[in-house]
J.: 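Before I ask anything, let me first share the structure, which is written out below as C-alpha cells.
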Amino acid sequence: MKIISTSIIVLSIIFLIWRWHFFHVLYMRSVNVTGYIHSADAFRTGGSRVEYKYEYKGEKYWRGNALTHSVFFNCNFHDGDEVVLQIDPENPKWAVIKDIYF
C-alpha cells in the first residue's frame, strides 16, 4: 500500500510540474488566434467538454478542454461561438481558450 501511495504522489507531482510548465510556456510565448466552438456539452456528472476549431499558418486544428461545471456556465459557450485562443506558435496544437485560463 505504501508503494502505491508513493507512486501516486510522485506521478501527481510530475503532472503538476508539467502542467505548470505548459501554462508558463504558453503565457510567455503565445499568440492569440480566433477559433470557433465546435461543441459544448455539459455532462450530468458536473463537468463539461468544449471542443474548438482554429487555423494557424494554413493548418487546421481541432482541440478541446475538459471544464468544471462552474467554468462552463460562467463562460456560457455555445456551438459556433467565436473565441480567442492562445496557442504556442512553436507547437500550435497546444491551445487553450483565453477567457478560461488567462
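Basis for what follows: all heavy atoms, side chains included, without hydrogens, waters or symmetry-related copies.
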J.: Identify, with sequence neighbours excluded, every residue that meets salt bridge (charged side-chain N to carboxylate O under 4.0 Å, His left out) alongside E90.
T.: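 Here the qualifying residues are R29.
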J.: List for me each residue that meets ring pair (Phe, Tyr, Trp, His ring centres under 6.0 Å) alongside H78, sequence neighbours excluded, and say none if there are none.
T.: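 Testing H78 for ring pair (Phe, Tyr, Trp, His ring centres under 6.0 Å), a comparison that skips the adjacent residues, returns none.
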J.: Are R63 and K93 close enough that some pair of their side-chain heavy atoms sits under 4.5 Å apart?
T.: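 Yes - at least one pair of side-chain heavy atoms lies under 4.5 Å apart.
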J.: Which pair of non-hydrogen atoms, one from P89 and one from S30, has the smallest distance, and what is that distance?
T.: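 Nearest heavy atoms, P89 then S30: CD-CA, 4.2 Å.
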J.: Does any donor atom in the side chain of D81 or Y52 lie under 3.5 Å from an acceptor atom in the other side chain?
T.: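 There is no such pair between these side chains.
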J.: Under the 4.5 Å side-chain heavy-atom rule for ILVMFWY, direct or indirect, which residues accompany I8?
T.: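 Other cluster members: I4.
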J.: Among V83, V84, V33, find the one that has a side-chain contact (heavy atoms from CB on, under 4.5 Å) with K98.
T.: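 With K98 as partner, side-chain contact (heavy atoms from CB on, under 4.5 Å) holds for just one option, V84.
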J.: In terms of hydrophobic clustering (I, L, V, M, F, W, Y; side-chain heavy atoms under 4.5 Å; direct or indirect links), are W62 and I87 co-clustered?
T.: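 Each belongs to a different hydrophobic cluster.
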J.: To the closest 0.5 Å, what do you measure between CZ (F23) and CE (M28)?
T.: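 Separation between the atoms: 15.5 Å.
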J.: Distance check, rounded to the nearest 0.5 Å: K53 atom NZ versus Y61 atom OH?
T.: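 The distance works out to 16.0 Å.
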J.: Using side-chain heavy atoms (C-beta onward) and a distance below 4.5 Å, is V31 in contact with Y56?
T.: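 Touching, per the 4.5 Å side-chain cut-off.
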J.: Kindly indicate whether the side chain of L85, heavy atoms from C-beta on, has any atom under 4.5 Å from the side chain of V96.
T.: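 With C-beta onward as the side chain, the pair stays apart.
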J.: Would one find more than 12 heavy atoms of other residues, nucleotides or ligands at under 6.0 Å from atom CG of L11?
T.: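 More than 12 within 6.0 Å, yes.
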J.: Looking only at non-hydrogen atoms, find the nearest pair between Y36 and G80 and report the distance.
T.: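 Reported closest heavy-atom pair: CD2-O, 4.0 Å.
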J.: Any side-chain heavy-atom pair from N32 and Q86 closer than 4.5 angstrom?
T.: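 Yes, close enough: below the 4.5 Å cut-off.
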